[in-house]
Amino acid sequence: MTDSPFVVVEGLHFARGEKDIFRGVELQIPRGKITAILGPSGTGKTTLLKLIGGQLAPDEGRVRIDGEDVHALSRKALFRLRRRMGMLFQSGALFSDLSVFENVAFPLRVHTDLPEAMIRDVALMKLQAVGLRGARDLMPSELSGGMARRVALARAIALDPELILYDEPFVGQDPISKGVLVQLIKRLNDALGLTAIVVSHDIQETLSIADYVYVISDGRVMAHGTPDSLDVDEDPRVSQFVHGEPDGPVPFHYPATDFFSDILNMEKRS
Amino acid sequence: MIGRIVSLGRRGCEVLEALGRAGQFLAQSAVGVPSREGWYLWLRQVHFVGVLSLAIVLVSGLFIGMVLALQGYTLLVDFGAEQALGQMVALSLLRELSPVVAALLFAGRAGSALTAEIGLMKATEQLTSMEMIGVDPLRRVVAPRLWAGFVALPLLTVGFSVVGIYGGYLVGVEWLGVFEGSYWGNMQASVDFVGDVGNGMVKSVVFALVVTWIAVFQGYDLVPTSEGISRATTRTVVYSSLAVLGLDFVLTALMFGGFS
């Protein structure tokens with residue numbers, strides 16, 4: 001049972017209005033590993049996390065977390081399941097009216113009956129793990145982007161979740177913060193043995209910590225495998241994305257009419 | 001022509017869908033027994049929407065009572081009926097002006113703030129992160145605000161009436177010289193507790209439900225962008241004002257229109 005995948009996505013279809021976002025996505029997220037979901041901007045990676053977390057419902061297909069069909073659960077059961085999950089948002093999404101300490105203590109206060117002294121110890125341990133114990137009294141508005149994300153990470157692991165979802169954890173970070181976050185994600189995973197899903201388009205940082213990788217494009221899984229196998233993948237679409245080539249199957253130019261005839265037409269008009 | 005009918009039909013469907021969502025939202029957030037922490041959150045919101053609205057509501061009530069007395073006196077004195085000033089001020093306030101004006105002020109002061117606050121929490125993903133922590137934002141964020149509004153507005157309306165009647169006294173008795181005994185005596189004799197005070201409070205409770213419901217739903221349902229927040233805040237004030245004035249007519253017709 002422990003070898004079975006922790007998260008299974010089967011035949012996932014999802015559309016926003018007329019636009020198909022996913023057309024039959026299949027994923028198996030192994031237990032206790034870091035799985036990266038990569039893909040160009042606008043492919044719906046964040047939407048995929050929201051579907052896994054039950055914030056959105058698919059048009060077709062199923063998402064199972066540890067055997068439970070997320071979208072078949074009642075609202076109450078879904079909230080119970082979410083207590084076993086943590087999520088790191090792109091913006092950090094800290095509660096703006098609570099201090100750093102209170103943000104981290106929040107999940108402990110609402111989901112446990114621990115005495116105040118214990119809550120304090122656990123929250124400080126989590127803040128120590130992300131290196132921000134000294135910032136406990138600051139308000140979210142006083143934090144830099146990187147610090148806010150680290151506090152959000154401390155809050156996400158406050159209840160020792162079994163699954164943690166990272167939504168673009170490295171986006172908009174300076175190199176030092178990026179390095180800190182890469183290390184933290186890896187270290188937390190090793191120390192706590194939790195299952196992690198990292199959604200990102202920062203290839204190098206993500207591949208350096210991922211155990212398994214899915215590349216999503218055009219509403220489907222384009223490739224999957226270990227970081228090493230993707231690095232040598234000969235599929236031109238995978239190769240273009242993994243090596244960051246500006247032109248290839250995903251064209252540099254947005255579809256347009258012929259350049260020269262466009263210019264000539266312009267000259268005629270003027 | 002066909003296009004217009006289609007667009008009218010689509011708009012009708014959207015309105016019905018929004019009403020359905022709003023009804024579901026109200027049922028999910030307002031029903032249930034609050035926890036001990038829920039009471040604390042509720043008290044904080046009563047302070048935010050109620051206590052902080054006191055100044056604007058009481059000052060407006062004072063001025064409206066004073067204006068009523070001034071206008072009433074100039075009319076009544078022509079008929080030698082200025083002794084009925086207390087009765088006129090009290091009935092106007094209790095039956096009509098207090099519930100309506102307090103609700104309109106509440107929509108502008110507290111309703112718009114509720115929409116903007118919840119909307120900003122949505123735009124900065126705070127509501128989503130709360131959901132992912134396993135805490136239902138409808139219970140934790142929306143419910144305390146809803147119940148605070150339900151309780152605060154009727155209390156503010158009482159304050160409005162009391163201060164308004166006192167404003168009428170200041171102008172009518174202290175300034176224009178109406179006999180104090182007839183100001184209070186006529187009021188006491190003509191105001192019926194159930195028919196006037198009670199019906200005014202019923203109006204106020206209905207307005208509280210509607211205004212707070214509109215405000216929190218607009219915040220929760222908005223498009224999470226700065227433009228979305230601005231539009232939703234405007235919608236809160238516009239929809240609340242129209243709902244209050246429209247419902248006031250319906251309730252007045254039912255209570256005082258002689259249909260019963």
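Bear in mind the structure is a predicted one, so any value in this text is a computation, not a measurement. We name chains A, B, ... by the order of the sequence lines, and we start the count at 1 in each one.
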Q.
Run A/Arg64 and A/Val7 through side chain to side chain contact (heavy atoms under 4.5 Å, CB included) and show every step you take.
A. CA-CA 6 Å; A/Arg64 282 188 290 126; A/Val7 180; over 6 Å; no
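- Heavy atoms closer than 4.5 Å to chain B are found in the side chain of A/Leu165, but not in its backbone.
- Contact of the A/Ile185 side chain with the A/Tyr166 side chain is registered, since non-hydrogen atoms from C-beta on lie closer than 4.5 Å.
- Side chains of A/Pro30 and A/Thr195 form no contact here, defined as non-hydrogen atoms less than 4.5 Å apart.
- Ranked by heavy-atom pairs under 4.5 Å with chain B, the list A/Arg83, A/Gln55, A/Lys50 is led by A/Gln55.
- For the pair A/Arg109 and A/Phe106, the cation-pi criterion (under 6.0 Å, within 45° of the ring axis) is not fulfilled.
- Using a cutoff of 4.0 Å between basic side-chain nitrogens and carboxylate oxygens, A/Asp97 and B/Arg44 are scored as salt-bridged.
- Contact of B/Met121 with chain A is not made at all, since no heavy-atom distance falls under 4.5 Å.
- In this structure, A/Val25 and A/Val9 approach most closely via the heavy-atom pair O-CG1, 3.6 Å.
- Against chain B, the residues from residues 137-163 of chain A that qualify, each with a non-hydrogen atom under 4.5 angstrom away, are A/Arg155 in number order.
- The residue from B/Leu104, B/Leu52, B/Val49, B/Val237 that alone fulfils the side-chain contact (heavy atoms from CB on, under 4.5 Å) condition with B/Arg109 is B/Leu52.
- A salt bridge links B/Arg231 and B/Glu227; the closest N-O separation between the charged side-chain nitrogens and carboxylate oxygens is under 4.0 Å.
- Heavy atoms closer than 4.5 Å to chain B are found nowhere in A/Arg80, neither backbone nor side chain.
- By number of non-hydrogen pairs under 4.5 angstrom with chain B, the leading residue of A/Met85, A/Arg84, A/Lys76, A/Met87 is A/Met87.
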